[in-house]
Amino acid sequence: MGADSTAARHLVVVGGGMVAQRLVEALLSRLDEGSAGTGTPGAAGPGWRVTVLAEETRVPYDRVALTSFFAGRTPDELVLGDRALWADRRVDLRLGEAATGIDRAARTVVTSTGAAFAYDALVLATGSSAFVPPVPGTDLPGVFVYRTLDDVEALQAYVTDLAARRAAEGRPVVGAVVGGGLLGLEAAGALAALGATSHVVEFAPRLMPLQVDEGGGEALRRLVEGLGVSVHTGTATARLHPVPADAPDAATRAGHVGAMEFAPRPGEDRGEVLDVDVVVVAAGVRPRDELARAAGLPVGPRGGVVVDDACRTDDPAVWAVGEVACLEGRCLGLVAPGYSMAEVVVDRLLGGGASFPGADLSTKLKLLGVDVASFGDAMGAAPGALAVVYADPVAGVYKKLVLSDDARTLLGGVLVGDASAYAGLRPLLGTELGGDPAAWLLPEGAEGGAAARTALPDEATVCSCNNVTAGRVRDAVRCDGCTDVGAVKACTRAGTSCGSCLPLVKRLVTTELEAAGVAVSRGLCEHFAQSRAQLFDIVRVTGITTFTELVERYGSGRGCDICRPVVASVLASLVGGHVLDGEAAALQDTNDHVMANMQKDGTYSVVPRIPGGEVTPAGLVAIGRVAEDFGLYTKITGGQRIDLFGARIEQLPAIWERLVAAGFESGHAYGKSLRTVKSCVGSTWCRFGVQDSVAMAVLLELRYRGLRSPHKLKLGVSGCARECAEARGKDVGVIATDKGWNVYVGGNGGFTPRHAQLLAEDLDDEALVRTIDRFLLYYVRTADRLQRTAPWLEEVEGGLEHVRAVVLEDSLGIAAELDAQMARHVEGYTDEWAATLADPERLRRFASFVNAPDAADPDLTYVPERGQRRPATPAERAAGGAVLVAGPTLEVMTR
Amino acid sequence: MTTTLPAPAPPAGSSAPEDAAASTADVIWVRVCRLADLVPERGAAALVDGHQVALFRLVDDEVLAVDHRDPVSGANVVARGLVGTRGGRATVAGPLYKQVFDLRTGECLDDPGVRLGTYPVRVEGDEVLVGRR
């Protein structure tokens, strides 16, 4: 930097949102480039240090993706960029410390802690606050806004708590959203994700009035109503009422919001009244310009700090960026223009002359699972503009292109229901489309549809968040040696913000790689260029039954620890037979090979199957005796099973002989297969239960036991909506209703927890089983290696809707095949452990040493803890205090 | 069943690696098992002169031997890893943390900081012998 840090100038940023984060990131990146000698203006200057005053107590996060919080993304996952930015010694991020005053004459900012910061430059990045219209009752408990992570956490807690109490009464939680714009639909999606039914109330005559035209609004309404959301357009909210004193839950909810009253329509005395339990106000935002006003800076007619195209306010030392900046009379409520402003200010601070290039107000969103995109002159306001419309009311698709008067230049467009063309179209704004513009509106895969999308000019912006052009992406492949999307993202930052351009980036990268003669592989490993799903199809179609034949005809080498277990699983699904027979033995992963789970010291844990978690006292006694006799550490698992730890490989047959004799069978805890079906006690004992969840869990577990799949499978069955079995955290969750069963799919715990999504409602037993049969086998057939159902549902083309069509409507015509495959599985099931014990040849693999089959591993050492034993730590072994439990001279259980 | 033999002359047609066979003067050969006791493309552990050795029978019936102790986890588990190839080299993957080792050299292909010791192996008729230096 050429100067010590004491000489560095001080930048104070007020606000800790997305644009503030981008500004600091860009500034540091430019300073570092400068010090690396690339000749940026910053190189010669004395450098900068930055203080960020953030009112929220969280590190800047992705507010645009707020709704993904309800799909299971944690606040940590929403953190923007690299956290290391905030550890840089030039940056002081002060969380929970809001600026409270600006003294422009003294160039200081005072904060909520009473501290004062002198600045050389001040950037206002205070953003907006939710606008709450002056409607009586918006201050009642149960009324929320939708702006910050704290807001959505509070909303979630409120609805979840209420839903738990309501479940007992069998009444759903009813939510209402004030505002049918982008944010309102996001909020309705959040309510739906929380299991509440919802109403959306919009004052304008259509949904998303700022982004879509009348036709698009109509299509959107149909799609949204199809998802169970009631839409009230042309309607104003007059008042919110508290819960009436005679309501069933008046005692616990006194004073909370209980009803919403609409403004009367013409000719009516009184507006309609809806009973609601929770209200989300999403009626727009207002710029947080109060600091600027107090400091005497000019503000716009509708608020916002007035800035010029350099984002500078009336005071040359004060700048404003993002939603609080009022540029040419308006504030922009999108993140992309905010990012541009941040880059402009950074350039100016470093002595450059950048100016705001004008806003791209294009948006593409998935609201309640419905694609909506709007770009350029969406309303066709330009003189002489022509519109080309494609509408398919049955499929719920509406697409419109706005073209110049000669029908050649793209001016804008609206896409509802299918926005797949957005990524290709938006960069072409202002250019001639060439060919027949209507080709862009045809459904994906239609004749001529894709052909029109090939050539994107190099100067077209692909990623508007980070201002990356198609040419830059191509260069990353051609010149920078990037060979996949991940590398291109790291190299160009394309697709690292909102991600909506990623399909386009991927297409560009693939095209460029193919042009360069590089094969783009979705292959499993160096031995197979095919994906797991492709191998599955190859085996299915060719009838190949061995790994050797498959690798010789379709692969190379002798496989590895990646492809061998995959092929084992595929063969198990399609060919069957015992997992340890013939060549298949050499394919099984370490755990599958001995049908137990290897632990850190090389011993195994043993899990007998306990279907539905239901076990007899005699069964428990038998398990207890085995554990006692073999000295096994015993623990209850998260899936309602009993895990016995510390079994040596040579002890496994003797242990299982005892367990099989007591009526137990393999629990497949080692397999990429069905693990457990967890259940609550259900209607047989529980006062709230409406169906026999235990019986259903046992039925499902016995049906799917041993089913090999791309990853482990966990199921759950709850006997009522209280959901004590946590079924929505499972790959398949079954929840009892008064009329039958609801089935949810794609949930999991683990590293990225997800809630399962509703697949079908009120099924009888037979329909439930058929639905799960097909869902599981369609997943088994098409998922990638180690891809659980949740990411599979995200990646499978067409998503949940597609899977629902395959499973419930047989849209691919494969249902009979799937049903037959499951019937074969159920028919062919045998317990792997019982079969192994009956076969001396299979038992030979359980020798501890090939030349001393019953000798225990002499290195195993244990120490007692809480009445059981556990492996000694390296320190304990070194200290010699460990008990040598498994020395070769100790007794070995004989069978 | 375990027999310690005097060091024999370098055997003809041995399947031992060149470097192992080259200096057999101090090698003690231990008869470990029959070839038929080993499952093709799977490992088996053996006790050789107090050492835990992992034996692997490849698809062409060549037998290779490395340490049974996994240097990454410290557990005696290498024989239970998956056999395969990487770039034409015969390999085993550590069963706990999945590092891949070259079965001929003991080299870890994923982590240069660790390696497995190797042992010479001879297959005489149906007998598998492992050498200890």
Side-chain angles (χ1 to χ4, degrees), chain A residues 525-527 547-548 551-552 555-565 568 580 582-594 596-604 648-650 841-842 844-853 855-860 871-874 877 886 888, chain B residues 1-3 30-60 63 68-70 72-100 109 128 130:
Chain A
C525 60
E526 70 172 70
H527 308 100
F547 175 78
T548 295
V551 79
E552 282 175 1
S556 64
R558 285 302 297 172
C560 62
D561 60 318
I562 291 168
C563 61
R564 279 176 173 255
L580 300 185
E583 200 196 54
L587 303 180
Q588 302 299 337
D589 219 335
T590 299
N591 289 347
D592 297 69
H593 188 60
V594 296
N597 292 42
M598 184 183 279
Q599 302 298 330
K600 60 192 280 186
D601 64 348
T603 64
Y604 291 87
R648 300 193 303 273
I649 188 169
E650 73 277 9
E841 192 53 39
R842 289 175 184 155
R844 286 173 53 209
R845 77 191 54 213
F846 297 95
S848 49
F849 299 99
V850 67
N851 54 352
D857 178 348
D859 293 344
L860 295 173
T873 63
R877 294 170 66 125
Chain B
M1 129 153 227
T2 305
T3 322
V30 181
R31 197 178 302 277
V32 169
C33 62
R34 292 175 300 123
L35 185 62
D37 293 331
L38 302 177
V39 178
E41 300 192 285
R42 276 243 79 115
L47 285 172
V48 178
D49 192 25
H51 286 254
Q52 297 198 25
V53 174
L55 297 172
F56 295 90
R57 175 177 169 183
L58 304 187
V59 71
D60 60 2
V63 178
H68 187 35
R69 183 176 180 278
D70 170 14
V72 183
S73 64
N76 298 311
V77 293
V78 170
R80 295 175 231 161
L82 255 72
V83 174
T85 57
R86 185 182 283 187
R89 303 157 90 170
T91 58
V92 63
L96 283 165
Y97 300 111
K98 311 299 178 190
Q99 290 82 2
V100 170
L109 304 181
V128 179
V130 176

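Here is how names work: the chains are called A, B, and so on, in the same order as the sequence lines, proteins then strands, and each is numbered from 1. Side-chain atoms are counted along with the backbone in the values below, which use heavy atoms only and exclude waters and symmetry mates.
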Chain A heavy atoms under 4.5 Å from Val83(B): which part of the residue, side chain, backbone, both or neither? backbone
Under 4.5 Å to a heavy atom of chain A? For Ala44(B) that would be side chain
Using a 4.5 Å cut-off on heavy atoms from C-beta on, say whether the side chain of His68(B) contacts that of Asp857(A). no
Cut-off 4.5 Å, heavy atoms of chain B, and the answer for Gln599(A) is backbone
What salt bridge (charged side-chain N to carboxylate O under 4.0 Å, His left out) pairs are there with at least one residue in residues 38-47 of chain B, not counting sequence neighbours? Arg558(A)-Glu41(B), Arg564(A)-Glu41(B)
Taking C-beta and beyond as the side chain, do Arg86(B) and Cys560(A) meet within less than 4.5 Å on heavy atoms? no
Ala585(A) backbone acceptor or donor facing His593(A) side chain under 3.5 Å: yes
With sequence neighbours excluded, tell me which residues meet side-chain contact (heavy atoms from CB on, under 4.5 Å) with Lys98(B). Asp561(A), Asp589(A)
Chain B contact via Ser848(A) - side chain, backbone, both or neither, heavy atoms under 4.5 Å: backbone
Part of Leu587(A) within contact of chain B (heavy atom distance under 4.5 Å): backbone
Which atoms of Leu58(B) come close to chain A, meaning under 4.5 Å heavy atom to heavy atom: side chain ones, backbone ones, both, or neither? neither
With a 4.5 Å cut-off on side-chain heavy atoms, are Asn851(A) and Cys33(B) touching? no
For Val92(B), is it the side chain, the backbone, both or neither that has a heavy atom under 4.5 Å from a heavy atom of chain A? neither
What pair of heavy atoms forms the shortest contact from Asp70(B) to Val77(B), and how long is it? CB-CG2, 3.8 Å
Out of Gly557(A), Gly559(A), Ser556(A), return the one with the most heavy atom pairs under 4.5 angstrom to chain B. Gly559(A)
Intermediate values then yes/no, side chain to side chain contact (heavy atoms under 4.5 Å, CB included), Arg57(B) and Leu55(B): CA-CA 7 Å; Arg57(B) 175 177 169 183; Leu55(B) 297 172; over 6 Å; no
Taking Leu96(B), Leu82(B), Val39(B) one by one, which has the highest count of heavy-atom pairs under 4.5 Å against chain A? Leu82(B)
Answer key: most heavy-atom pairs under 4.5 Å with chain A among Ala46(B), Pro95(B), Gly43(B) is Ala46(B)
Taking every non-hydrogen pair under 4.5 Å, which of Ala90(B), Ala45(B), Ala93(B), Gly74(B) racks up the most with chain A? Ala45(B)
